[in-house]
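For reference, the structure is listed below as C-alpha cells.
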2 protein chains.
Amino acid sequence: MSEQVLTADRILDTAEEVIRRFGPAKATVVDVARALGVSHGSVYRHFASKAALRDAVTRRWLDRLCAPLAAVVADTGPADARLHRWLSTLVAAKHGRALDDPELFATYMTLVMDARAVVDEHVAHLVDQIARIIAEGVGEGVFRVDDVRAAARAVLDATARFHNPAHAAEWSDPSIGRDFEAVWGLLARGLRG
Amino acid sequence: MSEQVLTADRILDTAEEVIRRFGPAKATVVDVARALGVSHGSVYRHFASKAALRDAVTRRWLDRLCAPLAAVVADTGPADARLHRWLSTLVAAKHGRALDDPELFATYMTLVMDARAVVDEHVAHLVDQIARIIAEGVGEGVFRVDDVRAAARAVLDATARFHNPAHAAEWSDPSIGRDFEAVWGLLARGLRG
DNA sequence: GGCCTGACAGATTTCAATATCTGTCAGTCA
DNA sequence: TGACTGACAGATATTGAAATCTGTCAGGCC
C-alpha cells in the first residue's frame with residue numbers, strides 16, 4: 001500500500017501499456033490517468049500535451065529497438081563486415097518485431113509515422129553510427145569515400161526498403177532477404193570504391 | 001448530338017475525371033455512371049467491380065507517368081550515364097507531380113497504395129527497363145555484375161526513397177536532390193565493380 | 001441477340017445528436 | 001508551497017438511424 005509518487009517515467013510506462021491495450025488511435029490521456037489512479041490534469045503537469053507524451057513513448061521505443069546497434073559499432077573486425085552486421089541487426093530487429101506481433105508493430109508504426117521530429121533525431125543518431133563505422137573503414141583502407149557523412153546517409157537511404165516502417169507491408173515477401181543482400185552487395189562495392 | 005457508344009475507354013476517362021473531382025474515397029460508381037448519363041449497371045458490363053475500375057485508372061496513370069522512361073532506355077550513350085538519366089527522369093516525374101498538384105498526387109497515391117497487383121506489375125516493368133540498360137552496360141564493359149536482374153531490382157530498391165510514393169512526404173526536404181546523387185554515386189561505383 | 005435499365009438485398013456511408021476528450025486553471029489539501 | 005483535483009470551454013469522437021452504394025439480374029428496347 002505504499003504511496004506511489006507520480007513521475008514522468010511511471011506515466012510513460014502506463015501510457016505505453018494503455019496504448020498497447022487500446023491502440024494508438026483510441027488511447028486517451030484520460031485512460032492513462034485512470035490507469036494511474038490520478039486525474040488527467042496531473043498528467044499535464046509532466047507532459048505539455050498528448051503529442052508530447054506520445055513522442056516520449058515513441059522515442060523510448062525507438063531507443064530500445066536500436067539498443068543492440070551500439071554494441072555492433074563498438075565491435076571488432078573489418079569495417080565492411082561490421083557495417084553488414086550493423087545493417088543486418090537493424091533489419092532483423094524491425095522485421096522481428098513486425099513478424100512477432102504485427103498488431104503491436106502496427107501500433108508503433110502509427111506512432112512513428114506522425115512523430116516527425118522524433119524520427120529525424122533518431123535517423124541522425126543512426127547516421128552517426130554508420131558514419132563511425134565507415135570512417136574506421138576508411139582508416140583501415142577497406143573503404144574509399146570522399147564525404148563520410150554523406151555516404152552514411154546514402155547507406156541508410158539505400159536500405160530504406162528493409163528498415164523503414166513505410167515498407168513494412170513488403171517484409172513478408174519471401175525474397176526480401178535476397179533483395180537486401182543484393183542491395184548490400186552493390187553498396188559494399190560502392191564503398192570500396 | 002451524336003450518340004456516344006459506351007466503351008471501356010470512355011468509362012476510364014470519366015472515372016478519372018470523377019476521382020479527381022471527388023477524391024478517391026468519395027467517388028462512387030454511381031457518380032461515374034451519372035457523369036456518363038447511363039445507369040451504374042452498364043458500368044459493370046465493362047468492369048467486373050469498382051476495384052477493377054480503380055485498378056484500371058491507376059494502371060493508366062502509372063503508364064502515363066513512366067512513358068518518358070522508354071525513350072531513355074532506347075537512347076544512345078554509355079550505359080552508366082543512361083541509367084543515371086533514367087533514374088533522374090523517374091525521380092523528376094514523381095517529384096514534379098507531387099510538387100505541381102499535391103492534392104492530385106495524394107489522390108493517385110491513395111489509389112496506388114491499395115492496388116498491390118497493379119503496382120507489382122508496374123515494378124516488374126521498371127525492373128525490366130533497368131535490367132536492359134545494365135545488360136547493355138555489361139556488354140560495353142562499363143558495368144560488371146553477376147546477376148543482371150538482381151542488380152536491376154537492387155537499383156530500384158536502393159532508390160526507393162526518391163521514387164516510392166510512401167516517401168513522398170520527404171520529397172520537400174531541400175537536401176533530397178543531394179541525397180539522391182549520393183545514393184547514385186554509391187550504386188554507380190558498385191555496378192562498375 | 002446484344003446493350004441497357006431499374007429494382008433489389010445486403011453492405012457501407014452519412015449525418016446530427018450525444019458523449020467524451022484535451023488542455024486550462026482556480027481552488028483544495030497536506 | 002507545491003502537487004493534485006475537478007469543473008469548464010471548445011474540439012473531437014461515437015453512435016445509430018437514414019441514405020446511399022455495390023453488385024446482380026430479370027426484363028425492355030432496338
Side-chain angles (χ1 to χ4, degrees), chain A residues 1-59 103 106-107 110-111 113-118, chain B residues 1-59 103 106-107 110-111 113-118:
Chain A
M1 311 295 133
S2 72
E3 291 284 305
Q4 288 263 25
V5 203
L6 190 59
T7 64
D9 260 344
R10 222 156 75 72
I11 295 175
L12 277 179
D13 290 339
T14 309
E16 193 163 352
E17 167 67 16
V18 166
I19 290 173
R20 281 185 197 196
R21 199 189 319 277
F22 298 158
K26 296 214 181 152
T28 73
V29 175
V30 172
D31 290 329
V32 175
R34 200 183 354 256
L36 282 162
V38 299
S39 75
H40 78 278
S42 313
V43 173
Y44 282 95
R45 185 157 299 282
H46 296 269
F47 293 93
S49 66
K50 183 183 187 180
L53 178 54
R54 282 173 58 123
D55 280 0
V57 169
T58 307
R59 195 180 342 261
E103 204 169 337
T107 292
T110 305
L111 288 181
M113 284 301 190
D114 40 40
R116 210 70 202 305
V118 173
Chain B
M1 309 288 138
S2 73
E3 292 283 306
Q4 288 264 24
V5 203
L6 190 59
T7 63
D9 260 343
R10 224 156 74 73
I11 295 175
L12 275 180
D13 289 341
T14 309
E16 194 163 352
E17 168 67 16
V18 167
I19 290 173
R20 280 186 198 196
R21 199 189 317 276
F22 297 158
K26 297 215 182 150
T28 71
V29 175
V30 172
D31 289 330
V32 175
R34 196 177 5 248
L36 282 162
V38 298
S39 74
H40 77 278
S42 314
V43 173
Y44 283 95
R45 185 157 300 283
H46 296 270
F47 293 93
S49 66
K50 185 184 184 176
L53 178 55
R54 284 172 56 122
D55 281 1
V57 170
T58 306
R59 193 177 347 258
E103 204 168 338
T107 293
T110 304
L111 288 180
M113 285 300 190
D114 39 40
R116 207 77 203 304
V118 173

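Order of the sequence lines sets the chain letters (A, B, ...), proteins ahead of strands, with each chain counted from 1.
- In the set D/dC21, C/dC21, C/dC4, C/dC21 carries the atom at the smallest distance from any side-chain atom of A/Thr28.
- Here the options are A/Thr58, A/Val57, A/Thr110, A/Asp114, the test is side chain to side chain contact (heavy atoms under 4.5 Å, CB included), and the partner is A/Pro24; only A/Thr110 passes.
- In this structure, B/Leu6 places its CG atom 16 Å from C1' of D/dC30, rounding to the nearest Å.
- For the pair B/Lys26 NZ and C/dT13 C1', the interatomic distance rounds to 11 Å; values are reported in whole Å.
- When rounded to the nearest whole Å, the span between CG of A/Leu53 and P of C/dG23 equals 10 Å.
- Nearest-nucleotide positions on DNA chain D place A/Arg45 closer to the 5' end than the other of A/Arg45 and A/Ala25.
- Distance from the side chain of A/Val38 is smallest to D/dT5 among D/dT5, D/dT24, C/dC4.
- With rounding to whole Å, B/Asp31 atom CG is found 14 Å from C/dT14 atom C1'.
- Here the C1' atom of nucleotide C/dT20 and the NZ atom of A/Lys50 are 11 Å apart, to the nearest Å.
- Put simply, CZ on B/Arg10 is 14 Å from C1' on C/dC4, counting in whole angstrom units.
- Considering only the side chain of B/His40, D/dT24 comes nearest among C/dG23, D/dC21, D/dT24.
- Applying the salt bridge (Lys or Arg N to Asp or Glu O under 4.0 Å) test to every pair with at least one member in residues 15-30 of chain A, sequence neighbours left out, gives these pairs: A/Glu16-A/Arg20, A/Glu16-A/Arg60, A/Glu16-A/Arg64, A/Glu17-A/Arg21.
- Considering only side-chain N and O atoms, A/Ser39 lies under 4.0 angstrom from the phosphate OP1 or OP2 of D/dT5.
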Side-chain donor-acceptor pairs of residues 36-45 of chain B under 3.5 Å, sequence neighbours excluded:
| from | atom 1 | to | atom 2 | distance (Å) |
| --- | --- | --- | --- | --- |
| B/Ser39 | OG | B/Ser42 | OG | 3.3 |
| B/Ser42 | OG | B/Ser39 | O | 3.2 |

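- Computed from coordinates, the B/Leu36 CG to C/dC3 P distance equals 17 Å when rounded to whole Å.
- Ion pairing between A/Arg34 and A/Asp31 holds under the 4.0 Å rule for side-chain N and carboxylate O.
- Neither OP1 nor OP2 of C/dC3 sits under 4.0 Å from any side-chain N or O of B/Ser42.
- The side chain of B/Tyr44 sits closest to D/dT22 out of D/dT22, D/dT14, C/dC21.
- Note: CZ (A/Arg54) to P (C/dT22) measures 10 Å, nearest angstrom.
- Between B/Thr14 atom OG1 and B/Leu53 atom CG the span is 10.0 Å, to the nearest 0.5 Å.
- Here A/Ser49 does not reach the OP1 or OP2 of C/dT22: none of its side-chain N or O atoms lies under 4.0 Å away.
- Within the nucleic acid shown, B/Val29 comes within 4.0 Å of sugar-phosphate atoms alone, with no base atom in reach, counting heavy atoms only.
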